[in-house]
Amino acid sequence: MHICVLGQGYVGLPLALRAAEAGHTVTGYEPNGQRCAQLAAGSSYIEDIDSSRLRDLLHSGAYRPTDDPEDLKGFDVAVITVPTPLTDRTPDLSCVRDAARELAARLEPGATVVLESTTHPGTTRDVLIPLLEEGSGLTAGRDFHVGFSPERIDPGNAVWRLENTPKIVAGLTEACLSQVKAFYDTVTDATVSASGLEEAELAKVFENTYRHVNIALVNELSRMAHTLGVDVWHTLELAATKPFGFTKFLPGPGVGGHCLPIDPVYLSHHVKTQHGQTFRLIELAQDINDSQPDYVVRRLQDALSRRFRRSVHGARILALGTAYKPGTADARQSPAVQVIARLRDMGADITVVDPYVPDGGSREIPFAAAENDASVADFDAVVLLTAHAEFDLARVAAEAAYVLDTRGVMATAPHVERL
C-alpha cells in the first residue's frame, strides 16, 4: 500500500520506516524543510533510528521524505503523528487540524485516515472527521475509513519498541476498525481492538495520567521523608518487595517528555471546559510535579548554605544531564532544563554536561568544560539530573565536594545526598 505518515518525529519516523520495511511504499511528510532535507540526506535526528537504516530505505525507494503536501496524493492509509502541545497551558490541536486539511484535499474513496497524536476523548469524531468530510466532500464510514491508534513510543527503550509493543486500534465503524487493524497488523506483532474511538483515546491519556499521578505521589513522599529524616529510596525498595498490589515509582526532579507533562492536561482541560467538572487528582499531581524543579533548587541552596556558608549566587555548579530521561537526547519539557534555568537566574556559575543533547552544554566525557578544562573538584556542587550511563559517577563521588543526586542512583555518603 501507499502509506503517508504526517510528522517525522519521535513517533512518525519509526512508524514510517517500519512500514517501509514491511513492504509498503511510504511517504514521510515533514513540513519542517530543514528536517526534511536532513532525512533526504540519510541523516537521522532520532537517536532510536540509525542513519544506516534510514539510508537503506531511501536507496530502496521504499521510503521518501517530503515537505510538499502534493506528494500525499493517492494514499491508501494516512497516519497523523503531529505534535499536540500546550499553548498557554491550553491544549493546542492546530497541527492536527492542519494535517486534516492537507489530507482532506487529497482524500479519495476507500482510503483510511488514522490519528495517532495524543489528545482528549472525542477529537477523532468531533475535530478530525468534520475537517476530512468538509474538505473532501466524502462521508466518513461510508466513503472512507477513519480510526484512532494511540502511540506508545518510549524514546531510548531498547526492549519495548514499536513492533513488539501491543497496539490499540479503533475505528468509526466495524469496517473502519477492520481497515485500521489490517494496516497495523503488518507493522506490529499484536493489535488490541477497542470498542470505540473515545475508549481508545481515553486509554492513552489515562496510561500517562496513571504514571503522572504516581510520580507526584512519590515526589511528595520524598519531601516528607526528607523532613522526617527517613531514607525514601530504601523505603521504596522495601515496599517493592510486596509481590501484589504495589508498583514502584521513583522520585526525581520533575516530569518531562511530550507525554507526562501534557497528556493529563488534555484530559482535565476537556472535562472542565466541556462538562464543568474538575479532575482534582490530575490538577494536584500537576502542581506537585511542576514545583519539583523548585524543590531541587531549594535543596541545593540549603546544602550550600549549611555546608559551605555560601549562596547559590556565584557558586560553581556542575549539572549532569539535560534530557528528561537517560539514554536519549529528548529534552522536551525536561525538568533538568528548568532546574538549570532557575540556578542561572539565581546567579550560579553553572556548567552543563550531556553526552546526547547537542545544545545541552559540553559533550565531553567525563566532565571537562570545553572552554576551561575544569575538573569535578573545581565545583562547589554537582547536581545529577539525568542518569546517563556515560557519566562516571564513581569519579564524581570520589572528587566532588558535594553531590545532590536527584535520581537515587549513587550510594549515599557524607558529601552525597539523594533527593
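The first residue of the sequence shown is numbered 1, and numbering continues consecutively from there.
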### Query
Any side-chain donor-acceptor pair under 3.5 Å between Ser94 and Asp92?
yes
### Query
Between Thr188 and Arg152, is any side-chain donor less than 3.5 angstrom from a side-chain acceptor?
no
### Message
According to side-chain contact (heavy atoms from CB on, under 4.5 Å), who are the partners of Ala216, at least two apart in sequence or on a separate chain?
### Response
Ala285, Ile288, Asn289
### Task
Kindly write out the residues that satisfy side-chain hydrogen bond (donor to acceptor under 3.5 Å, both in side chains) with Arg344, not counting sequence neighbours, or none if the list is empty.
none
### Task
Using ring-ring contact (aromatic ring centres under 6.0 Å, His included) as the criterion, list what pairs up with Phe249, not counting sequence neighbours.
Tyr210
## Note on the structure
side-chain hydrogen bond (donor to acceptor under 3.5 Å, both in side chains) pairs touching residues 408-419, sequence neighbours excluded, are Arg306-Glu417, Tyr402-Glu417
### Query
Would you call Lys325-Asp154 a salt bridge at under 4.0 Å N-O?
yes
### Pairing residues for Asp294 by the side-chain hydrogen bond (donor to acceptor under 3.5 Å, both in side chains) criterion, not counting sequence neighbours
Arg342
### Query
For residues 235-256, which residue pairs qualify under side-chain hydrogen bond (donor to acceptor under 3.5 Å, both in side chains), counting only residues two or more places apart or in two chains?
none
### Task
Quick one: list whatever passes salt bridge (Lys or Arg N to Asp or Glu O under 4.0 Å) with Arg55, sequence neighbours left out.
none
### Task
Side-chain contact test, heavy atoms from C-beta onward, threshold under 4.5 Å: evaluate it for Phe183 versus Val114 and give yes or no.
no
### Message
Under the rule for ring-ring contact (aromatic ring centres under 6.0 Å, His included), what residues qualify as partners of Tyr10, not counting sequence neighbours?
### Response
none
### Query
Taking only residues two or more places apart in sequence or in another chain, which ones pass side-chain contact (heavy atoms from CB on, under 4.5 Å) with Gln274?
His270
#### Entry: Non-neighbouring partners of Ser305 that pass side-chain contact (heavy atoms from CB on, under 4.5 Å), sequence neighbours left out
none
### side-chain contact (heavy atoms from CB on, under 4.5 Å) partners for Ala348, two or more places apart
Val312, Ile317, Leu343
### Query
What are the two closest heavy atoms between Leu103 and Leu132, and how far apart are they?
CB-CD2, 4.2 Å
### Message
Suppose we screen for salt bridge (Lys or Arg N to Asp or Glu O under 4.0 Å). Which residues come up paired with Glu30, at least two apart in sequence or across chains?
### Response
none
### Task
Using atom types as modelled and distance alone, determine if a side-chain donor or acceptor of Glu133 lies under 3.5 Å from a backbone N or O of Ala140.
yes
### Query
Is the number of heavy atoms from other residues, nucleotides or ligands within 6.0 Å of CD (Glu134) greater than 12?
no
### Message
For Arg298 and Ser291: C-alpha separation, side-chain torsions, deciding distance, then whether side-chain contact (heavy atoms from CB on, under 4.5 Å) applies.
### Response
CA-CA 11 Å; Arg298 288 198 304 273; Ser291 66; over 6 Å; no
